[in-house]
4 protein chains.
Amino acid sequence: MQPKPGSADLTFTEAARRKQIVAAAIETIAELGYAKASFAQIARRAGLSSPGLISYHFANKDDLIGQVVAEVYRVGGEVVRPNSAAATSAWSALRGYLEGSLAFYDTHRGHLLALVRILQGHPEALSRWAGPRNAAELAGLAEVLVRGQRAGEFREFDPGTVAVIIRQLLSGALQHLLTQPAADLTGYTRELVTLCEHAVAAPRRRIKEQR
Amino acid sequence: MQPKPGSADLTFTEAARRKQIVAAAIETIAELGYAKASFAQIARRAGLSSPGLISYHFANKDDLIGQVVAEVYRVGGEVVRPNSAAATSAWSALRGYLEGSLAFYDTHRGHLLALVRILQGHPEALSRWAGPRNAAELAGLAEVLVRGQRAGEFREFDPGTVAVIIRQLLSGALQHLLTQPAADLTGYTRELVTLCEHAVAAPRRRIKEQR
Amino acid sequence: MQPKPGSADLTFTEAARRKQIVAAAIETIAELGYAKASFAQIARRAGLSSPGLISYHFANKDDLIGQVVAEVYRVGGEVVRPNSAAATSAWSALRGYLEGSLAFYDTHRGHLLALVRILQGHPEALSRWAGPRNAAELAGLAEVLVRGQRAGEFREFDPGTVAVIIRQLLSGALQHLLTQPAADLTGYTRELVTLCEHAVAAPRRRIKEQR
Amino acid sequence: MQPKPGSADLTFTEAARRKQIVAAAIETIAELGYAKASFAQIARRAGLSSPGLISYHFANKDDLIGQVVAEVYRVGGEVVRPNSAAATSAWSALRGYLEGSLAFYDTHRGHLLALVRILQGHPEALSRWAGPRNAAELAGLAEVLVRGQRAGEFREFDPGTVAVIIRQLLSGALQHLLTQPAADLTGYTRELVTLCEHAVAAPRRRIKEQR
DNA sequence: GATGAATGAGTGTTCATTCAT
DNA sequence: CATGAATGAACACTCATTCAT
């Protein structure tokens with residue numbers, strides 16, 4: 001009945017409408033929370049004449065929400081990736097990833113607020129949409145850690161687990177940012193980066209004095 | 001109209017029913033998420049004849065949810081506190097807090113899943129119920145950090161910020177646990193504790209070689 | 001199941017309870033309006049342990065409300081009747097009835113507020129409870145009017161109709177009193193009595209035979 | 001969300017539906033009383049598929065009820081105004097107002113029954129919807145009375161109070177009409193008009209014998 | 001493609017009434 | 001006689017979704 005998301009056969013206006021609706025959905029969810037982001041509200045923000053139009057362009061509410069999640073990850077990937085890709089040492093890659101992520105959180109609060117609220121409000125959002133993407137991100141991060149260990153930059157630890165922990169430090173930072181919008185981001189970033197450095201760094205030339 | 005939560009003057013059956021309903025609410029929210037945890041669902045799980053019975057025992061949905069939050073924090077306090085109270089050094093107190101929290105997360109996944117979903121789904125849950133409690137917990141944690149710094153156990157850092165970060169490491173661990181129920185908790189705990197140790201420990205006898 | 005209102009076989013405590021509940025019902029309805037006067041509210045004001053007790057003593061909500069109406073009319077009859085019974089001329093009887101009614105309205109605002117709210121809120125209250133009583137009152141009033149016409153005190157008019165109109169002047173006055181509690185009752189009474197006098201008095205020839 | 005009552009931008013079907021629902025509400029309230037006039041009952045009478053449709057067209061129950069009140073006053077104004085506007089003398093204006101009102105009451109019993117029941121059943125109906133309109137009507141009536149007094153048509157009295165009393169005579173007549181649908185309206189009207197005439201008329205050609 | 005009217009299941013909450021104790 | 005727990009129908013209101021035009 002509706003045009004399906006098979007991205008190939010979308011009219012131009014189709015695609016534009018979908019983008020417009022996704023953007024309105026992000027704005028709405030960020031503003032009202034997931035639970036109160038009804039089609040009516042989203043349609044109002046998108047300047048649509050009726051909530052029915054959303055149903056016309058998306059198969060489901062889940063379909064729309066899935067697109068929203070995809071959009072946020074897409075933008076995030078675009079922004080953060082170059083930040084760590086250019087790095088030479090593992091630590092500078094890690095640092096780039098941390099700082100890039102935090103900067104992205106700061107400049108795209110609306111997107112991330114929407115994402116967080118979806119992940120919180122939709123019981124299956126995590127497993128359906130975020131899970132795989134997070135796994136990929138985690139894998140990339142773990143790879144950097146392994147590289148750092150091999151290069152002697154990082155101490156011994158289980159790279160998978162530590163990757164998870166670092167990832168969660170970032171989630172925590174995001175939470176902090178969204179909850180306390182006035183927080184001192186620069187100071188927070190510095191403290192977090194330093195903490196990570198201490199947490200993973202190999203004891204420099206100090207093997208004998210190890211406790 | 002309804003018997004109010006002034007815990008003093010509750011009938012025995014009243015108290016039992018309330019406990020039963022709170023338990024069913026925890027179960028339901030853990031299973032379905034906050035948004036879909038309707039009185040109808042909770043009543044079904046509690047074996048009640050009608051959703052109206054919940055309204056009979058609780059003034060509000062918020063009243064019930066508040067009781068759920070209180071219950072989770074109550075249990076958590078009971079389990080975690082002794083773990084760090086007995087400690088002598090700041091580091092062993094911190095370690096006890098970390099390990100105790102993680103153990104509690106592990107043994108009470110349902111409770112914590114419900115709590116997390118409430119904090120995510122209810123727009124005022126954080127400010128109304130969790131905020132004060134978290135602040136108290138953070139203050140206690142910061143105090144331990146300061147104690148450690150004075151005793152020379154911990155390096156120099158801003159205790160408030162690092163307390164926030166450590167708190168978020170625990171939230172992250174909880175998230176991990178709830179998301180990946182099959183994860184190796186023992187390994188994860190060990191890694192997290194080690195990471196924290198490196199993150200906060202003072203460089204022993206290495207003041208001169210400081211970066 | 002319940003003791004029926006057949007007033008004969010009531011225990012002493014039974015009767016006392018019923019009076020108490022009726023009084024609480026009057027108070028509640030006057031205060032909250034008919035629609036919000038739930039058994040729970042009435043029971044609270046009566047100091048009863050449960051709304052169920054009202055159901056125990058009255059067959060129905062309608063049963064209770066009927067008793068409330070009866071009580072108000074009973075008190076009203078007791079207060080107003082002597083006021084006009086002692087009169088000699090028809091006009092003084094009429095005047096006594098008017099002034100007595102208004103005085104009763106003034107001193108028993110709670111009772112009358114409850115009565116009015118019942119008559120307004122209960123779709124069948126008028127036909128079931130108030131209708132017959134009003135008819136009786138009207139008949140008495142018409143009788144006075146006829147007496148006055150025969151005595152040459154009153155002009156020619158249809159006694160039944162004018163009785164209705166005078167009755168409604170009183171309803172109007174009551175409405176006024178309940179709506180504007182600060183109104184000047186004395187002035188209002190004087191104006192109303194004068195108006196009635198002009199409205200029914202026989203033309204001229206009365207300058208000499210003035211009341 | 002819903003089309004708002006800004007009567008300008010209503011679709012044709014919108015307007016029709018709203019009229020239909022208002023009409024059904026009037027019918028329902030007249031029949032069942034305000035308290036039992038649920039959306040379900042109104043929807044049934046309007047032939048709607050679900051109560052939800054009413055919520056779709058009106059923001060609130062109060063919104064709907066407000067429209068009902070407005071409608072009744074609108075119709076009433078249309079019918080009664082011309083009746084007294086054409087008058088030359090104060091008395092003929094007053095008479096026109098009385099007769100016009102009574103005629104309107106007679107031909108629109110359903111509308112007025114609904115209005116009365118709303119004013120009685122809704123705790124804020126009077127202050128919110130009827131109060132201002134009644135005040136305006138009273139002011140107009142008092143003006144006529146003053147005019148009559150200045151012209152020597154009416155005796156001395158407090159115009160405000162007598163306006164209230166006359167207004168209440170009409171309310172009383174309405175009450176009578178609604179309560180006793182079989183009553184002889186013509187006779188009643190004649191009697192009421194005569195009574196008012198006597199009640200307010202200046203003693204004719206007896207200026208010298210003035211009390 | 002787009003519109004707006006409609007649908008119907010679902011929400012939390014209230015309340016008279018019942019009944020075992 | 002009295003209690004308090006329980007019941008279930010009813011309430012206004014919300015919302016994703018459908019569909020004729």
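Each chain gets a letter, A, B and so on, in the order the sequences are listed, and its residues count up from 1. Computed from heavy atoms alone, side chains included, the values below leave out hydrogens, waters and symmetry copies.
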Identify which nucleotide among [options] has an atom closest to any side-chain atom of [X], counting heavy atoms from C-beta outward.
{"X": "A:S50", "options": "E:dG4, F:dT3, F:dC13", "result": "E:dG4"}
{"X": "D:S38", "options": "E:dT11, F:dC11, F:dA2", "result": "F:dC11"}
{"X": "B:K61", "options": "F:dA2, E:dG12, F:dA16", "result": "E:dG12"}
{"X": "B:F39", "options": "E:dA2, E:dT13, F:dA12", "result": "E:dT13"}
{"X": "D:S49", "options": "E:dT17, E:dG12, E:dG8", "result": "E:dG8"}
{"X": "C:L53", "options": "F:dC15, F:dT3, E:dA6", "result": "F:dT3"}

How close or far is atom [atom2] of [N] from atom [atom1] of [X], stated in whole angstroms?
{"X": "A:I21", "N": "E:dG1", "atom1": "CD1", "atom2": "P", "value": "12 Å"}
{"X": "D:I54", "N": "F:dT14", "atom1": "CD1", "atom2": "C1'", "value": "15 Å"}
{"X": "D:I42", "N": "F:dC13", "atom1": "CD1", "atom2": "P", "value": "11 Å"}
{"X": "D:Y56", "N": "F:dC13", "atom1": "OH", "atom2": "P", "value": "17 Å"}
{"X": "A:Q20", "N": "E:dG1", "atom1": "CD", "atom2": "P", "value": "14 Å"}
{"X": "D:K19", "N": "E:dA5", "atom1": "NZ", "atom2": "C1'", "value": "20 Å"}
{"X": "D:R18", "N": "E:dA5", "atom1": "CZ", "atom2": "P", "value": "11 Å"}
{"X": "C:L32", "N": "E:dC15", "atom1": "CG", "atom2": "C1'", "value": "14 Å"}

Examine [N]: is either OP1 or OP2 under 4.0 Å from a nitrogen or oxygen in the side chain of [X]? Give yes or no.
{"X": "A:H57", "N": "E:dG1", "result": "no"}
{"X": "C:N60", "N": "E:dT17", "result": "yes"}
{"X": "D:T13", "N": "E:dG4", "result": "no"}
{"X": "B:R17", "N": "F:dA6", "result": "yes"}

With A:K61 as the cation and A:Y34 as the aromatic partner, state whether NZ or CZ is under 6.0 Å from the six-membered ring centre and within 45° of the axis.
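So A:K61 does make the cation-pi contact.
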Think B:K19 forms a cation-pi with B:F12, using NZ or CZ under 6.0 Å from the six-ring centre and within 45 degrees of its axis?
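Not flagged: B:K19 not positioned over aromatic ring of B:F12.
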Do C:Q20 side-chain atoms and C:A46 backbone N/O form a donor-acceptor pair below 3.5 Å?
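Such a contact is found between C:Q20 side chain and C:A46 backbone.
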Go nucleotide by nucleotide along DNA chain F from the 5' end; which of C:G52 and D:Q41 gets its closest nucleotide reached first?
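Checking each residue's closest nucleotide, the 5'-ward one belongs to C:G52.
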Could you pick out which residue, B:L48 or A:K36, lies toward the 5' side of DNA chain F when each is mapped onto its nearest nucleotide?
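Between the two, 5'-proximity favours B:L48.
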Between atom CD1 of D:I65 and atom CG of D:L115, what is the distance when rounded to the nearest 0.5 Å?
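Spacing of CD1 (D:I65) from CG (D:L115) equals 11.0 Å.
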Pairwise distance CD(C:Q67) to CD1(C:I26) - rounded to 0.5 angstrom:
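C:Q67 CD to C:I26 CD1: 10.5 Å, rounded to 0.5 Å.
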Is the shortest side-chain N to carboxylate O distance from B:R45 to B:E31 below 4.0 Å?
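Salt bridge: yes.
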Salt-bridge present (A:R17, A:E14; N to O < 4.0 Å)
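Between A:E14 and A:R17 there is no salt bridge, as every charged N stays at least 4.0 Å from the carboxylate O atoms.
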5' precedence on DNA chain E between D:F12 and C:A35 (nearest-nucleotide basis)
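Comparing both residues, the 5'-ward one is D:F12.
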So do the side chains of D:F58 and D:R18 get within less than 4.5 Å of each other, counting heavy atoms only?
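Yes; the side chains approach each other to less than 4.5 Å.
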Give me the bend of the helix from E:dA2-F:dT21 to E:dT21-F:dA2, using the axes of the five pairs at each end, rounded to 10°.
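Helix axis angle between the two ends: 20°.
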